[in-house]
A.B. asks: 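Below: one structure in structure tokens.
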Amino acid sequence: GAVVSQHPSWVICKSGTSVKIECRSLDFQATTMFWYRQFPKQSLMLMATSNEGSKATYEQGVEKDKFLINHASLTLSTLTVTSAHPEDSSFYICSASLIRGRKTQYFGPGTRLLVL
Amino acid sequence: GENVEQHPSTLSVQEGDSAVIKCTYSDSASNYFPWYKQELGKGPQLIIDIRSNVGEKKDQRIAVTLNKTAKHFSLHITETQPEDSAVYFCAASIDSGGGADGLTFGKGTHLIIQP
């Protein structure tokens with residue numbers, strides 16, 4: 001149980017284009033989903049917290065107009081990287097927290113983004 | 001905000017020996033401390049977690065200890081096996097019982113199990 005999927009697993013795009021990443025909780029409903037970013041050989045950094053039906057809360061230094069988050073249902077959150085640039089190339093990982101009980105976070109497999 | 005320090009950055013042990021990874025945190029309000037294992041190119045996998053109302057938790061070869069007064073917690077892996085080789089992250093957050101908080105991660109420990 002507690003499986004989180006992400007799509008796509010990797011994406012290559014040209015500079016200036018937008019990329020959408022989906023995060024789904026497959027076998028549970030998630031009150032809250034989180035988006036993290038991880039550069040090579042570094043730790044995960046929280047970008048934003050997403051609650052179903054409300055606006056996402058962004059961490060300091062994360063541009064909300066560049067990283068658009070939509071949490072349309074209790075099983076789906078999307079992250080759109082708008083007007084991507086090479087410095088946005090990274091490993092983007094989402095996590096989901098169970099709607100009931102303890103708020104353990106389960107992570108997706110990640111999406112590797114390469115902007116050329 | 002919370003700051004989590006993790007040591008060592010790299011740990012090499014002989015197969016069968018024990019491995020210990022230590023973390024400290026700064027925010028005394030933090031009450032939830034998970035440990036994740038991450039293999040190359042994959043997302044983190046929860047291996048064990050502990051909440052501040054207990055001092056120790058064990059699951060087969062893995063155990064975690066928490067010292068709230070000193071604000072540090074440790075991961076202990078006994079009888080290490082080659083498949084334990086990975087990067088391990090500690091994390092801390094506040095679980096208020098309402099909405100979940102995002103995790104603050106340590107920088108990770110690359111655990112290498114020597115055959």
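Numbered from 1 within each chain, the chains take letters A, B, ... in sequence-line order.
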A.B. asks: Just wondering, do A:M47 and A:E59 contact through their side chains at under 4.5 Å, heavy atoms?
C.D. replies: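 SC-SC contact between A:E59 and A:M47 ruled out.
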A.B. asks: Using modelled atom types and a 3.5 Å cut-off, is there a donor and acceptor pairing between side-chain atoms of B:R61 and backbone atoms of B:T78?
C.D. replies: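 It does hold such a pair.
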A.B. asks: For A:Q38, is it the side chain, the backbone, both, or neither that has a heavy atom closer than 4.5 Å to a heavy atom of chain B?
C.D. replies: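 Only the side chain of A:Q38 comes within 4.5 Å of chain B.
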A.B. asks: Going by the disulfide bond (SG atoms under 2.5 Å apart) test, which pairs reach into residues 14-57 of chain A, not counting sequence neighbours?
C.D. replies: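 Listed once each, the pairs are A:C23-A:C94.
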A.B. asks: Measuring heavy-atom distances to chain A, does B:P34 have an atom under 4.5 Å in its side chain, in its backbone, in both, or in neither?
C.D. replies: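 Contact with chain A involves no heavy atom of B:P34 at all.
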A.B. asks: Please classify the contact between B:L40 and chain A as side chain, backbone, both or neither, with a heavy-atom cut-off of under 4.5 Å.
C.D. replies: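 For B:L40, there is no contact with chain A at all, as no heavy atom is under 4.5 Å.
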A.B. asks: Taking the side chain as C-beta and beyond, is there a heavy-atom pair between A:Y92 and A:F67 under 4.5 Å?
C.D. replies: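 Side-chain contact under 4.5 Å: yes.
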A.B. asks: Do A:T49 and A:T32 come within less than 4.5 Å of each other through their side chains, counting heavy atoms only?
C.D. replies: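 Heavy-atom side-chain distance check passes, below 4.5 Å.
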A.B. asks: Which bit of B:Q38 comes within less than 4.5 Å of chain A, counting heavy atoms only: side chain, backbone, both or neither?
C.D. replies: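 Contact with chain A involves the side chain of B:Q38 alone.
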A.B. asks: Suppose a student defines contact as a heavy atom less than 4.5 Å from any heavy atom of chain A. Which residues in residues 107-115 of chain B would they list?
C.D. replies: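 When heavy atoms of chain A are the reference, residues 107-115 of chain B contributes B:K107 within the under-4.5 Å range.
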A.B. asks: So do the side chains of B:L66 and B:V54 get within less than 4.5 Å of each other, counting heavy atoms only?
C.D. replies: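 No. Closest side-chain heavy atoms not under 4.5 Å.
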A.B. asks: Would you indicate whether the side-chain heavy atoms of A:V3 and A:Y106 approach each other to under 4.5 Å?
C.D. replies: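 No; the side chains remain at least 4.5 Å from each other.
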A.B. asks: Run the salt-bridge test on A:K20 and A:E22 with the 4.0 Å N-O cut-off and return the result as yes or no.
C.D. replies: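 The answer is no: the pair does not qualify as a salt bridge.
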A.B. asks: Between A:Y36 and A:F107 (judged by ring centroids, cut-off 6.0 Å), do the two rings come close enough to count as a pair?
C.D. replies: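 Between A:Y36 and A:F107, the centre distance is under 6.0 Å.
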A.B. asks: Contact part of A:L44 toward chain B, heavy-atom cut-off under 4.5 Å: side chain, backbone, both or neither?
C.D. replies: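 Both backbone and side chain.
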A.B. asks: Please list all pairs passing the disulfide bond (SG atoms under 2.5 Å apart) test where one or both residues lie in residues 5-52 of chain B, with sequence neighbours left out.
C.D. replies: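 For residues 5-52 of chain B, and leaving out neighbouring residues, the disulfide bond (SG atoms under 2.5 Å apart) pairs sorted by first residue read B:C23-B:C90.
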A.B. asks: Looking only at heavy atoms, what is the nearest atom pair of B:Y25 and B:S30, with distance?
C.D. replies: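 In this case the closest contact between B:Y25 and B:S30 is CD1-CB, 4.1 Å.
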A.B. asks: Applying a heavy-atom distance below 4.5 Å, give me the residues of residues 79-89 of chain A that approach chain B, sorted by number.
C.D. replies: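 The stretch does not come within 4.5 Å of chain B.
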A.B. asks: Please confirm whether the ring centroid of B:F33 lies under 6.0 Å from the ring centroid of B:F73.
C.D. replies: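 So the answer is yes for these two rings.
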